[in-house]
Every structure is written in structure tokens, then in C-alpha cells.
J.: 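Provided herewith is a single structure, encoded as C-alpha cells, for subsequent inquiry.
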Amino acid sequence: MSDELWEEFHTVVNMTSRELREWLSVASAGEETEEVPDAAGDPTSRQVLGVLGKRRTDLTEEDVRVMRRVCAIVRGERGADMEPQAGGVQWRHGLMNIGHDPLKPT
């Protein structure tokens, strides 16, 4: 894995693992059900959490694929301008599910 990918991932994923875990727990909670904390969020969300908890030397090929996918999604949605912006609620929440809060400075 390249230095560039490592740096880009940790730039576009601007939420800490704690912030992301808490967000996923809240976002997954419903009136009648609440997800088990480790099962909150979709598979990509949980993979991002896994990557955030690893050292660079411990990353797997799947982790690298997830990192590339997340970088592509965030750059595709945000473009080169990563200045904080509100956008629509669904748009923001979709990005937050993969660890990028568009209201937070990168």
C-alpha cells in the first residue's frame, strides 16, 4: 500500500473511530430495535472502523480495497474542495456512515 493512499484515507475519514462507532450506534437505533454495538452500520462502515483500529503494517488486501473505495466515494461526492459544507441530510449521513463528516474540517 502506498503512502499516498494511507494519507488520503486518513484525510477523507475525518471522524475518529469513537465518533464513527457512536454515530453508527445512533444511526442504527430504531424505535423498536437497537443494533448490537459491533453490528451497527453496514459492512463498509464496519470495515472502515476496522481499518481505523489497525496499524498500517496490519492491513489486509481487503482493507486496502475498502480504503480505496472510501477515498473514491468521498472525493466523488466532495471533489477537490473539502471545505466544510452542510448539504442535504441524507447526503451528510451517507458520508458519515463511512467516516466522513462534511461539516467537520479535514
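Note that the structure is a prediction, hence the values are computed from the model and not measured.
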J.: Find the distance between CD (E61) and CG (D63) and round it off to the nearest 0.5 Å.
T.: 10.0 Å
J.: For residues V48 and V51, determine if any side-chain heavy atom of one lies less than 4.5 Å from a side-chain heavy atom of the other.
T.: no
J.: Using modelled atom types and a 3.5 Å cut-off, is there a donor and acceptor pairing between side-chain atoms of E19 and backbone atoms of T16?
T.: yes
J.: With side chains defined as the heavy atoms from C-beta onward, is the minimum distance between L59 and W6 less than 4.5 Å?
T.: yes
J.: Run the side chain to side chain contact (heavy atoms under 4.5 Å, CB included) test on Q47 and T44 for me, step by step, so that the C-alpha distance in whole Å, both residues' side-chain angles and the decisive distance to 0.1 Å come before the verdict.
T.: CA-CA 5 Å; Q47 289 173 313; T44 302; 4.1 Å; yes
J.: Ignoring hydrogens, what is the shortest heavy-atom contact between L5 and C71? Give both atom names and the distance.
T.: CD1-SG, 4.1 Å
J.: Within a strict 4.5 Å, meaning less than it, do heavy atoms of the V66 and R69 side chains meet?
T.: yes
J.: Is there a donor-acceptor contact under 3.5 Å from the side chain of R78 to the main chain of V12?
T.: no
J.: What's the spacing between S17 OG and K54 NZ if we round to 0.5 Å?
T.: 13.5 Å
J.: To the nearest 0.5 Å, tell me how far R18 CZ sits from L49 CG.
T.: 13.5 Å
J.: Assess whether side chain to side chain contact (heavy atoms under 4.5 Å, CB included) is satisfied between V89 and H93, documenting all intermediate values.
T.: CA-CA 6 Å; V89 172; H93 290 180; 3.4 Å; yes
J.: Passes side chain to side chain contact (heavy atoms under 4.5 Å, CB included), Q85 versus L103? Steps please.
T.: CA-CA 5 Å; Q85 71 181 57; L103 292 178; 5.8 Å; no
J.: Measure the spacing between CG of L52 and CE of M67 and express it to the nearest 0.5 Å.
T.: 9.0 Å
J.: Within the structure provided, determine whether V70 and H100 are in side-chain contact (heavy-atom separation under 4.5 Å).
T.: no
J.: Quick check: does any side chain N or O of D101 sit under 3.5 Å from a backbone N or O of M96, one acting as donor and the other as acceptor?
T.: no
J.: Evaluate the side chain to side chain contact (heavy atoms under 4.5 Å, CB included) criterion for residues E4 and F9: first the C-alpha distance (whole Å), next the side-chain angles of each, then the deciding distance (0.1 Å), finally the verdict.
T.: CA-CA 8 Å; E4 293 82 21; F9 178 80; over 6 Å; no
J.: Looking at I98, is its backbone amide N or carbonyl O close enough to the side chain of S45 to form a donor-acceptor pair, meaning the two atoms are under 3.5 Å apart?
T.: no
J.: Any donor and acceptor pair, going by atom type alone, linking the side chain of K104 with main-chain N or O of P84 inside 3.5 Å?
T.: no
J.: Run the salt bridge (Lys or Arg N to Asp or Glu O under 4.0 Å) check on D3 and R56 step by step: do they pass?
T.: CA-CA 10 Å; D3 291 340; R56 186 174 173 173; 2.6 Å; yes
